[in-house]
Protein chains: 2
Amino acid sequence: MTIENVSQAKVFGGWHKQYTHDSAVLNCNMRFAIFLPPNATKSNPVPVLYWLSGLTCTDENFMQKAGAFRKAAELGIAIVAPDTSPRGDDVADDEGYDLGKGAGFYLNSTQEPWSRHYQMYDYVTQELPALIEANFPVSELKSISGHSMGGHGALTIGLKNAAAYRSISAFSPISNPMQCPWGQKAFNAYLGSDFSTWQQYDASELLKQAKAELPILVDQGDADGFLVEQLKPEALLAAAQVHGSDVKLRMQPGYDHSYYFISSFIDEHLAFHAKHLNK
Amino acid sequence: MTIENVSQAKVFGGWHKQYTHDSAVLNCNMRFAIFLPPNATKSNPVPVLYWLSGLTCTDENFMQKAGAFRKAAELGIAIVAPDTSPRGDDVADDEGYDLGKGAGFYLNSTQEPWSRHYQMYDYVTQELPALIEANFPVSELKSISGHSMGGHGALTIGLKNAAAYRSISAFSPISNPMQCPWGQKAFNAYLGSDFSTWQQYDASELLKQAKAELPILVDQGDADGFLVEQLKPEALLAAAQVHGSDVKLRMQPGYDHSYYFISSFIDEHLAFHAKHLNK
């Protein structure tokens with residue numbers, strides 16, 4: 001597994017770098033970004049927060065707009081941001097912004113024409129961490145976070161792989177995708193009509209099935225234009241109560257769905273993850 | 001002078017807002033952005049830092065990428081980011097990224113076809129502050145900062161209008177535009193061949209003419225690809241010594257020309273300006 005460096009910039013004494021690599025899982029060339037804090041060395045491998053972005057994003061949105069590096073440098077946490085879908089001219093796409101490229105939904109597709117490339121669940125849980133741990137001064141300690149579609153990804157991946165992560169957080173997650181237009185469109189296309197498969201990629205359904213083994217922090221702006229139709233944090237909270245899962249949902253008055261919202265609270269998410277990564 | 005709100009987002013308890021307005025000075029419709037800290041009210045008007053961006057930028061680059069709002073909210077400073085040139089279909093342009101739209105150089109053009117719209121010096125020093133002070137809970141206390149072409153703008157505008165500002169800072173400024181390709185191309189087009197006019201828009205020339213009446217802080221990355229050919233901070237420093245001007249130039253090892261660099265030191269610039277704004 002070789003990776004190719006395509007950019008680097010010093011930031012807060014650490015480094016932001018972008019790499020491309022051929023993905024065996026996704027069957028295409030992919031780009032990811034990593035922030036390495038100043039204290040990361042071979043003799044001092046640091047824990048990693050994986051960040052999953054939302055619809056239409058690449059590895060760049062969070063890295064450029066979240067303002068996360070000051071705190072991550074201070075806490076000694078690396079951050080890895082994958083792309084949000086497979087990429088390339090031969091990858092199936094849709095004219096909508098909410099399906100196809102930029103909209104991989106962090107699942108393994110079972111349906112043509114999507115299944116050949118859209119295996120983002122395996123990419124994020126297997127191939128990417130192996131690549132990161134083989135090439136950078138990081139430990140195996142991981143936490144996971146994300147925004148919107150990426151909040152859905154962080155919740156479902158963290159819940160299903162509790163042994164691999166220490167903590168989960170999300171901003172404005174798609175909390176119950178089976179019950180919202182974004183999720184229904186994507187699941188229909190990528191997964192077909194088998195609802196038992198859908199349930200395995202729905203955070204609220206997973207919390208109804210079993211108690212979460214990891215602590216979960218969720219921030220949601222109450223002025224978010226997608227709140228009622230698409231995000232449904234109340235479903236997540238209700239599902240958490242079924243088995244007494246540790247889900248802290250904070251409704252943040254006046255905040256919307258943008259990176260201005262994320263930047264306002266990312267320090268608190270980093271501190272939350274640091275607490276669990278440094279146990 | 002009416003302004004129209006086109007976006008707003010809560011951030012760090014304050015607000016980021018964008019507005020459009022008809023500019024009498026620039027003879028076109030313009031957009032600017034403002035950050036208002038949480039403590040800004042009519043009964044508690046706050047000081048303003050004007051931020052001038054670099055080549056190809058709009059009002060959005062700094063606001064989205066600098067990570068400035070946490071500290072600005074804490075210090076109680078508003079930030080205003082104008083666009084970098086006049087805009088619109090009837091505004092003269094050039095196919096280069098370093099002339100025409102996105103490259104106004106914060107001067108008043110005297111040459112056809114530019115002079116009809118390219119009056120960014122008057123816009124930034126007169127029309128925009130009047131608009132801001134008439135429409136927002138801000139005081140008349142102002143400081144000025146910027147990056148690259150905007151660093152040139154901040155230095156020249158601050159030096160020539162010492163009574164209007166309290167302090168000046170810059171990241172990677174074009175320090176001696178008469179002696180670099182970016183500056184020579186722009187000054188030739190906008191100002192013609194009269195070198196005495198050029199000198200009025202060159203920070204190093206201004207510092208040779210007279211002692212700076214304001215304190216100046218400059219950060220420059222030593223891994224900046226534009227450093228030697230375009231930026232020339234050593235000329236600024238030498239010019240500052242002619243009359244003993246208070247110019248602090250900090251060479252930052254390993255940093256480049258990007259917003260990752262700006263984000264790493266913006267808190268220190270905000271603290272520098274706050275010290276002088278709150279005297």
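Numbers restart at 1 for each chain; the letters A, B, ... are given by sequence-line order, proteins then strands.
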What's the spacing between [X] [atom1] and [Y] [atom2] if we round to 0.5 Å?
X: A:Leu131; Y: A:Phe32; atom1: CG; atom2: CZ; result: 5.0 Å
X: A:Ile216; Y: A:Leu155; atom1: CD1; atom2: CG; result: 5.5 Å
X: A:Leu231; Y: A:Ile174; atom1: CG; atom2: CD1; result: 6.5 Å
X: A:Leu75; Y: A:Leu270; atom1: CG; atom2: CG; result: 6.5 Å
X: A:Leu141; Y: A:Ile77; atom1: CG; atom2: CD1; result: 10.5 Å

Exercise. So which of B:Ala66, B:Gly254, B:Ala73, B:Gly67 has the largest heavy-atom pair count under 4.5 angstrom toward chain A?
Worked result: B:Gly254
Problem set entry | Heavy-atom side-chain contact between A:Phe136 and A:Ile3 under 4.5 Å | yes
Donor and acceptor N/O pairs, chain B versus chain A, under 3.5 angstrom:
unit_1, atom_1, unit_2, atom_2, d
B:Lys10, NZ, A:Pro253, O, 2.7
B:Phe12, N, A:Ser264, OG, 2.7
B:Gly13, N, A:Tyr255, OH, 2.8
B:His16, NE2, A:Tyr260, OH, 3.4
B:Pro253, O, A:Lys10, NZ, 2.7
B:Tyr255, OH, A:Gly13, N, 2.8
B:Tyr260, OH, A:His16, NE2, 3.4
B:Ser264, OG, A:Phe12, N, 2.7

Exercise. Quick one: what part of A:Phe265 sits under 4.5 Å from any heavy atom of chain B, side chain, backbone, both or neither?
Worked result: neither
Exercise. For the ring pair B:Phe35 and B:Phe69, is the centre-to-centre distance below 6.0 Å?
Worked result: yes
